[in-house]
Protein chains: 2
Amino acid sequence: MRCPCLPKAAILILQSALTKKLSAFVSLMDADLDTLVRFHQRRRTFLPGHELVHEGETRQSAFVLAEGWACSFKMLPSGERQIVDIQVPGDFLGLRSILFRTSDHSVRAVTRIEASEVLSSDILNAFSDAPRLAAAVLWAASRDEAMVVEHLCNLGRRSAEERTAHFLLELGARLKVVGIGDMNGFACPLTQYHLADALGLSAVHVNRVLRRLREDNLLMFRDGHVSILDFERLRDLAGFDANYLDQDGPLLR
Amino acid sequence: MRCPCLPKAAILILQSALTKKLSAFVSLMDADLDTLVRFHQRRRTFLPGHELVHEGETRQSAFVLAEGWACSFKMLPSGERQIVDIQVPGDFLGLRSILFRTSDHSVRAVTRIEASEVLSSDILNAFSDAPRLAAAVLWAASRDEAMVVEHLCNLGRRSAEERTAHFLLELGARLKVVGIGDMNGFACPLTQYHLADALGLSAVHVNRVLRRLREDNLLMFRDGHVSILDFERLRDLAGFDANYLDQDGPLLR
DNA sequence: GGCTCGCGCTGCTTTAGATCAGCATTGTCT
DNA sequence: AGACAATGCTGATCTAAAGCAGCGCGAGCC
């Protein structure tokens with residue numbers, strides 16, 4: 001605990017996944033933590049499949065994901081879905097939907113989730129009241145962008161196997177930071193259809209790729225669990241370098 | 001001019017491409033404009049091909065692009081290049097490189113460019129001194145992310161023709177906001193190799209796609225100029241909806 | 001019990017785009 | 001002038017992944 005005189009809510013926040021993540025960027029002051037507490041009012045529960053944010057609609061809310069998994073995606077005119085990112089605890093959901101006139105993407109719960117609604121006033125007030133926290137929000141948004149950029153390289157220049165391996169390694173690394181899963185694997189509620197929509201592949205092909213990865217003793221994706229069988233070879237296959245997650249080492253700035 | 005008592009430098013800033021872009025989000029106050037002036041000290045000129053930001057290196061600078069074109073990209077272990085985005089006047093270059101421990105991407109001048117170096121202290125001080133400007137920076141970063149997200153959909157779910165059309169329509173829309181080009185087309189210093197690296201295609205295939213688009217009287221990419229021959233059909237082909245650029249209509253928030 | 005539905009899995013055929021190879025044009029350097 | 005490097009362009013061949021078709025299995029439901 002940083003400061004025993006903080007209100008009880010703030011102490012809970014200290015342990016939240018979001019705080020863990022932001023603390024990798026700056027050490028937050030009391031004023032920042034007080035403001036973070038406000039982010040965590042309005043906690044909600046949503047069932048699997050519920051759409052929290054709707055592409056093309058105005059006056060959307062953003063959320064901070066506390067428990068469970070979600071995915072952000074865009075629908076294309078052809079009716080196909082492109083999953084942009086998978087969200088795990090500590091991630092913002094739909095941040096761009098409150099900064100933009102109309103949301104450019106949708107967010108849907110994959111599992112049952114708990115999330116706190118964040119209003120655009122919460123974010124914008126943070127810029128006046130808690131500049132360090134606001135800077136951390138910019139950092140978090142930039143980190144999200146870095147992940148999308150890496151996904152772009154995935155789709156543009158990596159083969160189906162490399163892509164799949166890279167995607168699952170990234171998920172593992174992100175989950176480790178918020179204290180879920182370990183080097184050997186993690187619980188994963190995604191279906192092969194989720195993978196297909198995220199990786200720009202057909203579900204049929206994802207299935208084949210997963211089989212090959214399993215037959216090569218690289219990883220197993222089965223029964224809602226991902227097992228990393230050979231991290232080194234997987235990392236080399238995928239060309240995975242976690243630098244872009246900016247999460248190793250203690251906070252510097 | 002908003003305020004005749006501002007220093008001369010600030011009045012110039014009022015007309016800068018960055019200011020035009022940020023003003024689409026919030027109307028900036030004098031304090032914001034003063035801070036923006038600081039962003040525009042340290043103006044530099046770079047020759048075509050110069051690499052301003054280096055992937056994997058620490059202590060990088062960011063820049064605001066004032067004149068000319070640049071591209072941000074990542075190199076993959078295979079030696080292939082994925083262009084993440086093309087930058088035009090008013091865009092930030094390498095913003096993530098000052099927020100992260102090590103830069104996750106590189107930035108290279110396509111043409112001769114003029115750019116102002118922005119230190120991480122410039123950005124972070126803005127959070128304390130000019131919260132509205134800081135919020136606008138978050139918006140600009142989010143807009144960049146929205147563009148990368150759209151590129152992701154491009155690579156994941158659109159055919160080579162759709163991708164190419166979409167990419168060039170987006171460029172046209174972005175250039176229009178900063179006052180370059182019009183509905184009929186724009187000067188474009190990119191080579192077919194740039195397109196290939198941005199679109200995740202081979203240069204050979206880009207050439208064929210451009211030929212088909214030309215033969216169908218949709219657009220011409222030739223001699224450093226893009227001519228939009230049939231905007232409506234191109235837009236339908238590409239499934240292009242400029243909403244994600246969040247640049248239409250007057251400022252609301 | 002039988003029904004459907006979601007999800008995982010597999011074989012066969014097709015195709016979009018890569019790869020390979022080579023030519024034409026233009027501008028720059030010596 | 002000749003050499004060369006970039007860039008644009010084209011035909012022939014190859015291949016990774018899509019598309020299509022279908023089966024198995026367990027869960028939930030009438």
Side-chain angles (χ1 to χ4, degrees), chain A residues 47-49 69 71 76 78-83 108-111 154-168 188-215 219-227 237, chain B residues 47-49 69 71 76 78-83 108-112 154-168 187-215 219-227 237:
Chain A
L47 296 178
W69 292 42
C71 67
L76 287 139
S78 61
E80 290 176 302
R81 176 172 74 158
Q82 177 66 51
I83 291 183
R108 176 172 298 166
V110 172
T111 65
N154 250 355
L155 296 200
R157 295 293 167 195
R158 280 194 254 256
S159 71
E161 255 129 327
E162 294 166 346
R163 249 182 261 186
T164 309
H166 190 283
F167 180 81
L168 294 174
C188 175
L190 303 178
T191 68
Q192 295 186 356
Y193 290 88
H194 285 120
L195 286 192
D197 285 349
L199 298 172
L201 299 170
S202 67
V204 174
H205 201 58
V206 165
N207 184 279
R208 280 188 250 270
V209 166
L210 288 175
R211 170 161 49 121
R212 254 177 284 165
L213 291 174
R214 188 173 356 108
E215 286 171 355
L219 74 79
M220 276 182 38
F221 182 96
R222 186 166 264 182
D223 301 326
H225 198 87
V226 174
S227 310
L237 168 68
Chain B
L47 296 178
W69 292 42
C71 67
L76 287 139
S78 63
E80 290 176 302
R81 176 173 75 159
Q82 177 65 51
I83 291 183
R108 177 172 297 167
V110 172
T111 64
R112 185 177 201 275
N154 251 354
L155 296 200
R157 296 291 166 196
R158 279 194 255 257
S159 71
E161 255 130 326
E162 294 166 347
R163 249 181 260 187
T164 308
H166 190 284
F167 180 81
L168 293 174
C188 175
L190 304 178
T191 68
Q192 295 185 356
Y193 290 89
H194 285 120
L195 286 192
D197 285 349
L199 298 172
L201 299 169
S202 67
V204 173
H205 200 59
V206 165
N207 184 280
R208 282 187 246 270
V209 166
L210 289 176
R211 171 164 44 125
R212 254 177 284 164
L213 291 174
R214 188 173 354 109
E215 286 171 354
L219 73 79
M220 276 182 37
F221 182 96
R222 187 166 262 183
D223 301 326
H225 198 86
V226 174
S227 311
L237 168 67

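When reading the values below, keep in mind they use all heavy atoms of this one structure, side chains included, and skip hydrogens, waters and symmetry mates. So that the names make sense, note that chain A is the first sequence line, chain B the second, and so on, each numbered from 1.
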Sequence neighbours excluded and cut-off under 3.5 Å, please list the side-chain donor-acceptor pairs for residues 204-213 of chain A, or say none.
| unit_1 | atom_1 | unit_2 | atom_2 | d |
| --- | --- | --- | --- | --- |
| A:N207 | ND2 | A:Q192 | OE1 | 3.0 |
| A:R212 | NH1 | A:E161 | OE1 | 3.1 |
| A:R212 | NH1 | A:E161 | OE2 | 3.3 |

Interatomic distance, A:Y193 OH vs C:dC9 C1' [rounded to whole Å] | 10 Å

Heavy-atom side-chain contact between A:E80 and B:R158 under 4.5 Å | no

How long is the line joining CZ of B:R222 and P of C:dT25, in whole Å?
-> 14 Å

To the nearest 0.5 Å, what is the distance between SG (A:C188) and NE2 (A:H194)?
-> 9.5 Å

Rounded interatomic separation in angstrom, taking CG from A:L190 and P from C:dG6 = 18 Å

Write down the distance between CG (B:L155) and P (C:dA16), rounded to a whole number of angstrom.
-> 18 Å

Using a 4.5 Å cut-off on heavy atoms from C-beta on, say whether the side chain of A:F221 contacts that of A:T164.
-> no

Residue pair B:Q82 / B:L155, side-chain heavy-atom distance below 4.5 Å | yes

C:dT25 P sits how many Å from B:D223 CG, rounded?
-> 15 Å

Contact pattern, 5' to 3', of nucleotides 10-25 of chain D - B, S or - by protein heavy atom under 4.0 Å | BBB----BSBB-----

So with a 6.0 Å cut-off around CZ of B:R112, is the heavy-atom count from everything else above 12?
-> no

Integer-rounded Å distance: D:dG8 C1' and B:L210 CG | 10 Å

